[in-house]
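Not measured: the values here are computed from a predicted model. The sequence lines fix the lettering, A, B, ..., with proteins before strands; numbering per chain opens at 1.
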Amino acid sequence: MISSPSELEVALGQLDTFQAMLETMRQRLASSRPSLFPQLAEGYLARIRALEADVIAYLRERPAAAPLTVRIAGPEIHAGTIRATLAVQLIGGLQSALYQLGGLYGGQPEAATQEREGTGLRALLGLNLVATAPGSFILAMDLAPRQLKLFQEYDTAAEALTKLIDHINELQQSPDAFTGQRPALRGIKKISALAKRGVEVITLKYEEEGRHAQADVTSLVNERVEFLLGGPTAGERTVVGQLIEINIEDNSCVVHPDNEHRVTCDYEESLEDDLIAALKKRIEMAGQFVSVERPQGHYRITRIERFRVLDEEPTAG
Amino acid sequence: MAIPQFRDDGWLPQGHHAASIDQVEARFGGDPGSPRATVMNKLKAWTGALRDKGVRGLLVLDGSFISSKRNPGDFDVLLIYDDEFEQIMEADAEAASLIDYATCKGHGFDVLAYARSSLDAPRVLLANPLEVWDVDGTTKTKKGVLEVQL
């Protein structure tokens, strides 16, 4: 199997040599002993076929000299075609995930002047769609022209992409292996949510200037992202209702379940931004439930461990 | 001359290293009953059969069998045969089967055969057939192969 341009070069050289040897033998035997040629040729033909197959497989997976390829596979992905909506969601999700990670690890949000000069975060982290490959669905994407730095480690786009792939591999191992932050999870979710029925795996592969990283986004990754973002585990006690109030002074909030009394919940600072974004939305929350003396039968969540938004649109009332 | 030691990457040093079948067996034959010994026995049986049929020439041995790999499964060989072999093959189907690809593959080794007098053929002068396996496909570094006279 060929996996690099240098291996491709060697394979092409061997292909040329085997073809030349075969042709020489054919010319040699054509007039003198043609009956021997089929037997002598078979070994060369087998090698040539194998090398050609390797070369074709390599070129098919690399439609362009782009550092990032994204391969989508699944029963609903037919060779050479993809639903336009899926392609748009995939490209948009990648763009969003990179921007989230670039903001986390690469520096400050861009200012207007940076945007005009093309050195802002959005300019540094843009993706250009380069090519699609026939025979399978592969997007070859080039990172937008970025400001060249003296040291490779300051290359924001490459760092964000490498971090994205690392985080996906962490999630493939286990939820506990994830070393990122909630904004990174939200970014990854935009891609992982696409791995569902009909799309079995989305493979991201990044190769550029000595960097090599690869990750598979599967439904398992999506489950773990949802869990880390607040999805409950099987059998876990949760409260479902509208998030109606947030008190940023004492780090508490109020959830109003349907046909039940309101529940006061205490939260840690790291969740505040997500809770504010979820205000007035229907959420599901898990944590440490503690009964309160009055009113009887009521409870409080003394520490929110996880929550997730069920309806993206704010609930009236 | 002795077969040189392996490099750090497990291959022989760059170049073509002359060796006898006995030297190949002593160096690469492995312990009795081992996978290496099985491959070596196949090589000995095949070269013995070629000699019995009067085939003369040069063998270029390649593949994991002549590397530091613990349990190689087969050997790859380029047979540079003296021209008389063609006459032998025409008259003796058994001799011809010794370089039959499917038959050899079934026995666990890969054989290519090339006429010695064709080494100077103009079309192949750009690429020396004898050196077709001299490069490691993964690292693109030159590596060594063995040459054994039949």
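- Side-chain contact between B:Ser117 and A:Arg28: present, with at least one pair of heavy atoms (C-beta onward) separated by less than 4.5 Å.
- Other residues, nucleotides and ligands contribute at most 12 non-hydrogen atoms within 6.0 Å of the NZ atom of A:Lys190.
- Residues of residues 94-110 of chain B that come closer than 4.5 Å to chain A, counting heavy atoms only, are B:Ala96, B:Ser97, B:Ile99, B:Asp100, B:Tyr101, B:Asp110, ordered by residue number.
- Only the side chain of B:Leu78 comes within contact range of chain A, with at least one heavy atom under 4.5 Å from a heavy atom of that chain.
- The contact between B:Asp83 and chain A is made by backbone and side chain atoms together, counting heavy-atom distances below 4.5 Å.
- Heavy atoms only, all atoms of each residue included: A:Thr24 and B:Ser118 are closest at CG2-CB, 3.8 Å.
- Rounding to the nearest 0.5 Å gives a distance of 12.0 Å between CZ of A:Phe18 and OH of B:Tyr114.
- Residue A:Leu45 does not touch chain B at all, counting heavy-atom pairs closer than 4.5 Å.
- The closest side-chain heavy-atom distance from B:Leu112 to A:Glu42 is not below 4.5 Å.
- Here the shortest heavy-atom pairing between A:Met25 and B:Ala113 reads CE-O, 4.3 Å.
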Starting from the C-alpha separation in whole Å, work towards a yes-or-no answer on side-chain contact (heavy atoms from CB on, under 4.5 Å) for A:Arg33 and B:Gln87. CA-CA 9 Å; A:Arg33 295 185 170 91; B:Gln87 202 172 347; 3.8 Å; yes
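- Here B:Met89 contributes atom CE and A:Leu40 contributes atom CG; the two are 4.5 Å apart, rounded to the nearest 0.5 Å.
- Atom CZ of B:Arg70 is surrounded by 12 or fewer heavy atoms from other residues, nucleotides or ligands within 6.0 Å.
- In this structure the side chain of A:Leu36 never reaches within 4.5 angstrom of the side chain of B:Phe85, judged on heavy atoms.
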